[in-house]
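Since we're looking at a predicted model, the values are computed, not measured. Within every chain, numbering begins at 1; the chains are lettered A, B, ... in the order of the sequence lines, protein sequences first and strands thereafter.
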Amino acid sequence: MASDAKAAAKEVQVEPFPLSTLRHSVSHLMASAVAKLYPNVKFGFGPSIEHGFYYDLEIPEHSLEEKDLRRIEKEMRKIAKRSPELVRTSLSRDEARAQLAAQDQTYKVEAVDLIPKDEEITFYTHGDWSDLCEGPHLDRLDRDYHFKLLSVAGAYWRGDEKRPMLQRIYGTAFWTQEALDAHLAWLEEVKLRDHRRIGTDQDLFSVHPEAGAGFVFWHPRLGVVRHEIEKFWWEEHEARGYKPVYSPHVSRETLFAVSGHLENYGEMMYPAMDLEEQPYRVKPMNCPGHSLIYKDRGRSYRELPMRWAELGTVYRYEKSGVVHGMLRVRGFTQDDSHIFCTPDQLAGEIAGVLDLVKLMLTTFGFDYTAYLATRPVEKSIGEDAIWKAATAALGEGAKLAGIPLELDDGGGAFYGPKIDFKVKDAIGREWQNSTVQCDFNLPERFDLEYTDSDGQKKRPIMIHRAVLGSLERFVGGLIEHFAGRFPFWLAPEQIAVIPIREEHADYARSLAAKLEAEHFRVDCMDDPSHMNKRIKQAQERQVPYMLVVGEREEADGTCAVRRRGTRDQAVVPFERVLEVVRDLRSRRSLEVPALDT
RNA sequence: GCUGCUGUAGCUCAGUGGUAGAGCACUUCCUUGGUAAGGAAGAGGUCACGGGUUCAAGUCCCGUCAGCAGCUCCA
C-alpha cells in the first residue's frame with residue numbers, strides 16, 4: 001500500500017497535468033485526425049468525461065464504424081508526432097464567429113454565442129487544426145501517454161432530441177499503459193457481469209418478442225431469488241410496523257385525474273381501455289390506490305403514523321430505445337410503501353425508513369451515499385414554511401439514523417423534498433434505487449385528513465419510499481453486483497450433492513433428503529454422467545457448496561466439501577455442513593466460508 | 001422515439017447470389033469415473049417476419065418486429 005501511494009505521488013510529480021486535461025487534449029487530437037480523414041466534418045463538443053472523453057461530430061458523407069476507429073487512432077499518432085505543440089490564442093467574439101463561419105463550422109459558431117459575454121474567447125491550435133476551446137490543455141501532444149478509441153454512437157447536438165443527431169466517438173486515455181490496460185480489463189469485467197448474459201447462461205430470466213419489449217419473465221431459478229428477497233423484505237417491514245395492503249392494477253381513469261398523474265405523467269401511462277363506456281387505466285404508481293384506502297373513512301391522530309407496504313406492480317410506457325434487460329422495463333414491481341403521519345412525527349418516521357434502508361443495503365453488501373434533495377428553483381407546490389420544516393425533518397431523521405447526508409441542492413420533487421441513496425456495487429459502479437420522499441401534493445389532491453387532538457381536521461404528510469426501488473432493477477443490479485455468484489441465502493441452488501459413482505447415490509440422496517427437510521435448495525446430481533462433468537456443471541451454475549461423496553465419506557458419515565470458485569476438498573462430518581449452512585442462511589451472510597473439521 | 005449496427009439450431013458463432021454448417025447443450029447407447037468437459041450415434045432450421053429485385057436470395061433492396069452501442073428520458 002505504502003509503495004503504491006508513493007508510486008502514485010511520483011506519477012503526479014512527473015505529470016503536471018490532471019487526467020482530465022490529458023483526455024481533453026486527446027479528444028482534440030482525435031478531432032484533428034478525423035478532420036484529416038474526413039475534410040467535410042463539422043464539430044460539436046468534445047469534453048473529457050468520467051472514464052475518458054468523447055467528441056461529437058457530423059460527417060455528412062460517412063457513418064463511422066468500429067473499424068474506422070483504428071484508422072483514426074493511426075492518424076492521431078502521426079499528428080501527435082508531427083505537430084506536437086498546442087498553442088493557445090485569443091480572438092474577439094466577432095473574429096471568432098467570422099473565422100468559424102468561414103470554415104462552415106456551424107455548431108462551433110453556435111458555441112461561440114454560448115460563451116458568457118465577459119469571458120475571453122480562446123482557441124487551441126496544433127498543426128493546421130484549431131478548435132474553439134477554453135482549455136486547459138497539455139503543452140505538447142508528444143508527451144508519454146496511452147489512449148484508445150472505444151465506440152461510436154449517435155448523440156443529439158446539445159443533448160436536445162429536437163436538434164440534429166451527430167456522431168459521437170468515445171475514447172479514453174491514461175498516462176501509463178498499465179492504467180489503460182486496467183481500465184480496458186475493467187470494461188471486460190463489466191461485460192462479463194452483464195446481467196443479460198448471466199441471465200441467459202444461468203437460466204434466470206427472459207424477454208420475448210411475443211410478449212413485447214420491456215416485459216420480464218422470471219424463470220424458476222430467479223424466482224427463488226426474488227422470493228427470498230421478498231421474504232426478507234416482509235420480515236423487516238412487519239417488524240417495523242408496516243401493514244401489507246394490496247391495490248388493483250387497473251382503475252378508472254378518474255382516479256388518475258384526481259391524483260394528477262393523467263396531467264403530469266400521462267405520457268408515461270398506457271392508453272385507456274373502455275369498459276361499458278368508462279375509460280380505465282393500468283396503474284403507473286401505487287400511491288393513488290393507497291390514498292383511496294386512507295380516505296375510505298375518517299382518520300384520527302391516534303392512528304398515525306400508518307405505514308402501508310405493497311410490492312406493487314406498475315406499468316409505464318418507456319420509449320423503445322431505452323428498454324434494457326431487467327434494468328429498464330415497462331412493467332415492474334416497486335417495493336413501495338406510503339407512510340401517513342403528522343408533521344411532528346416526520347423526523348422519527350424518516351429515521352425509521354433510513355434505518356431500514358441501511359439494513360437492507362448492507363445485507364446485500366452495498367456501500368451507499370445519501371443525498372438530501374431540497375426545493376427545486378422552478379415550479380414546486382406548497383408553502384415555504386412546510387418545505388423548510390420537512391427538509392429539516394429529513395435532516396433530523398438522518399441524524400437520528402446516523403446517516404450522513406450530502407446535499408443535492410434543488411434536486412427535490414415538485415411536491416416535496418427527498419433523500420435519495422446511491423449505492424456502489426462490487427466494481428465501483430453507482431446505482432440509484434432507494435428513495436424517501438415527502439409529499440404535500442397528494443394529501444391535498446385527495447383531500448386527506450385526520451382529526452387532531454384539538455378536534456381540528458388536519459392534513460397528514462405522506463411519505464413515499466422505496467428501499468429496493470423496483471425488484472426488476474434491483475435484482476438485475478444484484479446479478480451484476482455478485483457477478484452471478486449469489487450469496488448462500490439467495491443462491492438458486494445452495495448445495496449440490498455429487499456421488500462419485502452410482503453405488504454412492506443412495507448416500508448422496510440421504511444427505512440431500514436431510515437438507516431438503518430443512519428447506520435448503522439442493523440438487524442431488526446422481527445422474528450417471530461422469531463426476532468431473534457434474535462438478536463442472538455445478539461450478540458453472542455457481543452453486544455455493546458441492547458435497548462430493550464416495551466410499552470413504554459414506555463409511556464415515558462425512559462429505560468432501562468443494563466451495564464455489566475453489567478446488568477445496570475439505571472432508572467434514574455432514575453435521576458440520578448442516579451447522580454452517582443453517583448459520584449462513586439465518587444470518588443472510590454474504591460469505592461462503594471454507595469448511596474444516 | 002432518434003442515429004448507427006445486428007438478427008442463421010436452446011447457446012456461441014462460420015457461411016463468395018447457386019444443395020443449411022461447426023462447437024457446446026439435448027436424446028439414446030456404451031463408459032464405474034476421487035474434484036472444471038469419457039466415447040459413439042442421433043435428433044434439432046419457415047436463415048426474425050412481410051414484401052420486392054433476380055433464372056436463382058440466408059446473402060441484394062424496402063418495410064415491420066426484436067436485440068446491441070449511445071443520445072434523450074427513467075424505478
Side-chain angles (χ1 to χ4, degrees), chain A residues 44 54 56 58-59 62-68 150-170 191 194 196-197 200-203 206-214 265 267-268 284-286 312-314 316-336 420 431-435 464 466-474 476-477 496 498-505 528-540 546-553 560-571:
Chain A
Y54 67 77
D56 285 345
E58 186 180 86
I59 307 174
H62 183 68
S63 294
L64 290 168
E65 294 171 49
E66 298 275 326
K67 63 172 195 277
D68 296 319
L150 296 171
S151 58
V152 250
Y156 298 110
W157 166 236
R158 296 181 60 193
D160 185 343
E161 61 184 330
K162 290 182 193 71
R163 290 170 181 262
M165 181 157 281
L166 311 179
Q167 303 188 56
R168 174 175 294 181
I169 304 178
Y170 282 97
K191 252 191 233 165
D194 191 312
R196 293 164 300 181
R197 173 203 185 96
T200 303
D201 287 353
Q202 288 193 31
D203 189 16
S206 52
V207 287
H208 302 272
E210 297 92 317
Y265 207 71
E267 284 184 6
M268 297 291 288
M285 289 190 191
N286 302 302
T313 303
V314 297
R316 299 180 186 173
Y317 165 70
E318 294 282 358
K319 290 175 178 176
S320 58
V322 307
V323 297
H324 182 89
M326 299 183 78
L327 299 180
R328 188 78 183 270
V329 294
R330 286 174 170 168
F332 54 96
T333 301
Q334 293 181 306
D335 71 314
D336 212 352
D420 285 331
W431 308 71
Q432 206 250 290
N433 294 301
S434 319
T435 180
H464 306 253
V467 179
L468 309 177
S470 83
L471 283 159
E472 282 74 10
R473 181 172 285 182
F474 187 78
I498 302 178
I500 290 171
R501 284 197 302 280
E502 198 138 11
E503 65 218 60
H504 312 124
S529 66
H530 275 242
M531 183 192 65
N532 278 354
K533 190 169 170 183
R534 286 174 280 149
I535 287 174
K536 176 173 186 281
Q537 286 169 350
Q539 203 67 270
E540 277 175 347
M546 282 173 240
L547 310 183
V548 181
V549 295
E551 269 162 47
R552 299 198 292 267
E553 290 76 14
V561 181
R562 180 176 171 133
R563 270 189 309 157
R564 174 170 70 194
T566 74
R567 315 181 66 145
D568 290 2
Q569 293 186 41
V571 178

Engineer: Checking all strands, does A/Ala213 fall into the base, sugar-phosphate, or nothing category for heavy-atom contacts under 4.0 angstrom?
Structural biologist: sugar-phosphate
Engineer: How far does the P atom of B/A9 sit from the matching atom of B/G23, given to the nearest Å?
Structural biologist: 16 Å
Engineer: Using a 4.0 Å heavy-atom cut-off, does A/Val207 contact any base of the nucleic acid, only the sugar-phosphate backbone, or nothing at all?
Structural biologist: nothing
Engineer: Indicate yes or no: does A/Glu472 engage A/Arg330 in a salt bridge with an N to O separation below 4.0 Å.
Structural biologist: no
Engineer: For the residue pair A/Asp68 / A/His62, report whether a side-chain donor-acceptor contact shorter than 3.5 Å exists.
Structural biologist: yes
Engineer: Can you pull every protein N or O that's under 3.5 Å from an N or O on nucleotides 8-16 of chain B?
Structural biologist:
none

Engineer: Looking only at atom P, what distance separates B/U6 and B/C60, rounded to whole Å?
Structural biologist: 10 Å
Engineer: Quick one: label A/Glu553 by what it contacts on the DNA or RNA (base, sugar-phosphate, nothing), any heavy atom closer than 4.0 Å.
Structural biologist: base
Engineer: Collect all protein-nucleotide pairs involving nucleotides 38-44 of chain B in which both atoms are nitrogen or oxygen and the distance is under 3.5 Å.
Structural biologist:
none

Engineer: Taking atom P of B/A36 as reference, at what distance in whole Å does atom CE of A/Met546 sit?
Structural biologist: 9 Å
Engineer: When the nearest nucleotide of RNA chain B is assigned to A/Glu502 and to A/Gly565 on a heavy-atom basis, which residue is associated with the more 5' position?
Structural biologist: A/Glu502
Engineer: Which whole-number value in Å describes the distance from A/Glu210 CD to B/G67 P?
Structural biologist: 12 Å
Engineer: Using atom C1' in both nucleotides, what's the gap between B/A36 and B/A40 to the nearest angstrom?
Structural biologist: 23 Å
Engineer: State whether a side-chain donor-acceptor pair under 3.5 Å links A/Tyr156 with A/Arg158.
Structural biologist: no
Engineer: So does A/Arg567 get a side-chain nitrogen or oxygen closer than 4.0 Å to the phosphate oxygens (OP1/OP2) of B/A36?
Structural biologist: yes
Engineer: Under 4.0 Å: is that the gap between some side-chain N or O of A/Arg552 and OP1 or OP2 of B/U35?
Structural biologist: no
Engineer: Can A/Arg163 and A/Asp160 be counted as an ion pair, charged N to O under 4.0 angstrom?
Structural biologist: yes
Engineer: If I pick the P atom on B/A20 and the same atom on B/C62, what distance separates them, to the nearest angstrom?
Structural biologist: 26 Å
Engineer: Please measure how far the C1' atom in B/U12 lies from the corresponding atom in B/C26, and state the result in whole Å.
Structural biologist: 16 Å
Engineer: With sugar-phosphate meaning primed atoms plus P, OP1 and OP2, does A/Ala560 contact a base, only sugar-phosphate, or nothing at under 4.0 Å between heavy atoms?
Structural biologist: base
Engineer: Whole angstrom is fine here: how far is it from CD in A/Gln537 over to C1' in B/U35?
Structural biologist: 14 Å
Engineer: Using the C1' atom in both, what is the distance from B/U53 to B/C71, to the nearest Å?
Structural biologist: 36 Å
Engineer: Base, sugar-phosphate, or nothing: which does A/Gln432 touch, judged by heavy atoms less than 4.0 Å apart?
Structural biologist: sugar-phosphate
Engineer: In chain order, what residues pass the salt bridge (charged side-chain N to carboxylate O under 4.0 Å, His left out) check against A/Asp568, with sequence neighbours excluded?
Structural biologist: A/Arg563
Engineer: From the set B/A69, B/C74, B/A36, return the single nucleotide nearest to any side-chain atom of A/Glu540.
Structural biologist: B/A36
Engineer: Please enumerate all protein N or O atoms sitting under 3.5 Å from an N or O of nucleotides 71-73 of chain B, with distances to 0.1 Å.
Structural biologist:
from  : atom 1 : to       : atom 2 : distance (Å)
B/C71 : O4'    : A/Gly154 : O      : 3.3
B/C71 : O2'    : A/Tyr156 : N      : 3.1
B/C73 : O2     : A/Arg328 : NH1    : 2.9
B/C73 : O2     : A/Arg328 : NH2    : 2.2
B/C73 : N3     : A/Arg328 : NH1    : 2.9

Engineer: Under 4.0 Å, counting only non-hydrogen atoms across every strand here, what does A/His324 touch: a base, just sugar-phosphate, or nothing?
Structural biologist: sugar-phosphate
Engineer: What does the 5'-to-3' dot-bracket notation of RNA chain B look like when only Watson-Crick and G-U wobble pairs under 3.5 Å count, and pairs to other strands show as |?
Structural biologist: (((((((..((((....[..)))).(((((.......))))).....(((((..]....))))))))))))....
Engineer: Mind checking side chain to side chain donor-acceptor pair (under 3.5 Å) for A/Asp420 and listing every partner two or more places apart, or none if nothing turns up?
Structural biologist: A/Lys418, A/Thr435
Engineer: Out of B/U35, B/A75, B/A36, which nucleotide sits closest to the side chain of A/Val548?
Structural biologist: B/U35
Engineer: Side chain of A/Pro209: nearest nucleotide among B/G34, B/C65, B/A36?
Structural biologist: B/C65
Engineer: What is the nucleic acid contact for A/Gln167, judged by heavy atoms within less than 4.0 Å: base, sugar-phosphate only, or nothing?
Structural biologist: nothing
Engineer: A/Arg196 has a side chain; which of B/C68, B/A75, B/A36 sits nearest to it?
Structural biologist: B/C68
Engineer: Confirm from the modelled atom types if A/Arg163 and B/C2 form a donor-acceptor pair under 3.5 Å, side chain to base only.
Structural biologist: no
Engineer: Tell me which of A/His208 and A/Val152 sits closer to the 5' end of RNA chain B, going by the nucleotide each one is nearest to.
Structural biologist: A/His208
Engineer: Answer yes or no: does a side-chain N or O of A/Arg562 lie under 4.0 Å from OP1 or OP2 of B/A36?
Structural biologist: yes
